[in-house]
Amino acid sequence: MPELPEVHTIANDLNNNIIGYEIKNIKITKNYKIPELVKKRLSSLLNKKFIEVKRIAKNIVIKLSENDFLTFHLAMTGRILLTSDKDKKDNWVKIVFEISKNDDVKYLKFCDMRQFGKVNVLDEAGIRDLENKYGISVLNKKITPEDFLKTIHSKKTNIKNVLLDQSIISGLGNIYATDALFLARINPKTPTQSINLNESKILLEKSREILNEGIKNRGSTLPDKMYVDIFGNSGHQQNYFKIYGKDKCPSCGTKTIFEKINGRGTYFCPICQPYKKEPLKKVKVNEGQKQLL
DNA sequence: ATGTTTGTTCCGAT
DNA sequence: CATCGGAACAAACA
């Protein structure tokens, strides 16, 4: 579930709650598939101290003493929970880190229902590699509409698809990309090559706006409650979705269209986000037609 | 029983 | 060879 605002909220809360704590024990749930190498690296973290928590794209990155980094990617159903209650039962717990500072003991849990999430331990070079995997961040204030347009044009597909391609544009997930396109009044199926500078400018603005609103509202929690923050609380952005999950366009009242685009559920308004531009079609031209042209 | 699901990676087709 | 897009990863719910 977690997209950038959800991951941001988790990283920020962890940074305010686990700095200075040391890892005293690590328990991996039986039958949880984790590479042997990662298991070995995890055990090397015992007695190391949390220095700082930050976010790289949708990864939670925890810096420990001796320049080790513990990273989590939550994918669709990952959760990070923090509790002082040793006996608290949580669903789908995969790894429990017992951490302490002086006499205070807490439990940092990595949970994952569908198990698409990833845990890893990296050194500084590994962190650099991780950073290099990702494309531009729309939240980077240095990115101009010109930069954004160039990036959009670098992939020949539809605009929704390129917004979700983390190696090109990092941070937007399915829900926020859907809402950003609605706010920018751009049809999600618009070919990237048809986007112009003005649309690039608006889309960049609206993408920033929607991500910042999501961060302000501590992420979005859908009815399945899969995303919760480290204390188990829901986010609020679901109350402010623009068009994601809506039957009717909040702007003009027209029935929204729900369509799978590149396998991802997409909502859009056919009136406010009209499909103006035909994709470039490959037309087979025979000799006779050529003369007519 | 079938179709959904907030993400990412891999592999086959073009 | 580059690029695109569907399948797969696994589990719960309606």
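Keep in mind that what you see is a predicted model, and the values were worked out from it rather than measured. All chains are named by letter (A, B, ...) in the order of the sequence lines, taking the proteins before the strands, and each is independently numbered beginning at 1.
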query = Quick one: Asn59(A) CG to dT6(B) P, roughly how many Å, whole number?
reply = 19 Å

query = What ring pair (Phe, Tyr, Trp, His ring centres under 6.0 Å) pairs are there with at least one residue in residues 99-132 of chain A, not counting sequence neighbours?
reply = Phe72(A)-Phe110(A)

request  = Using the test ring-ring contact (aromatic ring centres under 6.0 Å, His included), find all partners of Tyr267(A) that sit at least two apart in sequence or belong to another chain.
outcome  = Tyr244(A), Phe258(A)

Nucleotides bounding contact with chain A, strand DNA chain C, heavy-atom threshold 4.0 Å = dC4(C) to dA12(C)

ask   = So does His73(A) get a side-chain nitrogen or oxygen closer than 4.0 Å to the phosphate oxygens (OP1/OP2) of dG7(B)?
value = no

ask   = Mind checking the P distance from dT4(B) to dG6(C)? Whole angstroms is fine.
value = 14 Å

Selection: residues 109-122 of chain A, any non-hydrogen atom under 4.0 Å of DNA chain B = Arg114(A), Phe116(A)

query = Is Lys160(A) paired with Glu259(A) through a side-chain N to carboxylate O contact shorter than 4.0 Å?
reply = no

dC4(C) and dT6(B), which share atom name P, separated by this distance in whole Å = 22 Å

Side chain to side chain donor-acceptor pair (under 3.5 Å) partners for Glu205(A), two or more places apart = Lys201(A)

N/O donor-acceptor pairs under 3.5 Å from side chains in residues 117-128 of chain A, not counting sequence neighbours:
{"unit_1": "Asp123(A)", "atom_1": "OD1", "unit_2": "Ala125(A)", "atom_2": "N", "d": "3.2"}
{"unit_1": "Asp123(A)", "atom_1": "OD1", "unit_2": "Gly126(A)", "atom_2": "N", "d": "2.8"}

task = Using Watson-Crick or G-U wobble pairs with both distances under 3.5 Å, give me DNA chain C in dot-bracket, 5' to 3', with [ ] for crossers and | for pairs to another strand.
result = .||||||||.||||

task = Calculate the interatomic distance between Asn217(A) atom CG and dT6(B) atom P; express it in whole Å.
result = 20 Å

key: Shared-cluster residues of Ile51(A), by chain and number - hydrophobic side chains joined below 4.5 Å   = none

request  = Can you tell me the distance, in whole Å, between the CG atom of Asn262(A) and the C1' atom of dT8(B)?
outcome  = 14 Å

key: Contact list for DNA chain B against residues 166-173 of chain A - heavy-atom distance below 4.0 Å   = Gln166(A), Gly173(A)

request  = For nucleotides dC10(B) and dA10(C), find the distance between their P atoms and express it as a whole number of Å.
outcome  = 15 Å

Cut-off 3.5 Å, no hydrogens considered: what does the side-chain donor-acceptor table look like for residues 13-23 of chain A, sequence neighbours left out?
{"unit_1": "Asp13(A)", "atom_1": "OD2", "unit_2": "Arg218(A)", "atom_2": "NH2", "d": "2.4"}
{"unit_1": "Asn15(A)", "atom_1": "OD1", "unit_2": "Val53(A)", "atom_2": "N", "d": "3.0"}
{"unit_1": "Asn16(A)", "atom_1": "ND2", "unit_2": "Asn12(A)", "atom_2": "O", "d": "3.3"}
{"unit_1": "Asn17(A)", "atom_1": "ND2", "unit_2": "Asp13(A)", "atom_2": "O", "d": "2.7"}
{"unit_1": "Tyr21(A)", "atom_1": "OH", "unit_2": "Asp104(A)", "atom_2": "OD2", "d": "2.4"}
{"unit_1": "Glu22(A)", "atom_1": "OE1", "unit_2": "Lys24(A)", "atom_2": "NZ", "d": "3.1"}

query = Does a side-chain N-to-carboxylate-O contact under 4.0 Å join Glu213(A) and Lys216(A)?
reply = no

query = Looking for any heavy atom pair under 4.0 Å, which part of the strands does Phe258(A) touch: base, sugar-phosphate only, or nothing?
reply = sugar-phosphate

ask   = If only side-chain N and O atoms of Arg264(A) are considered, is one of them under 4.0 Å from the OP1 or OP2 phosphate oxygen of dG7(B)?
value = yes

remark   = Note: with side-chain heavy atoms under 4.5 Å as the link, the other cluster members for Leu37(A) come out as none

task = Have a look at Tyr176(A) and say if it touches a base, only the backbone sugar-phosphate, or nothing, with a 4.0 Å heavy-atom cut-off.
result = nothing

query = What is the distance from CG of Asp165(A) to P of dC10(B), rounded to the nearest Å?
reply = 14 Å

inquiry  = Short of 4.0 Å, heavy atom to strand atom, which residues of residues 123-138 of chain A count as contacting DNA chain B?
reply    = Lys133(A)

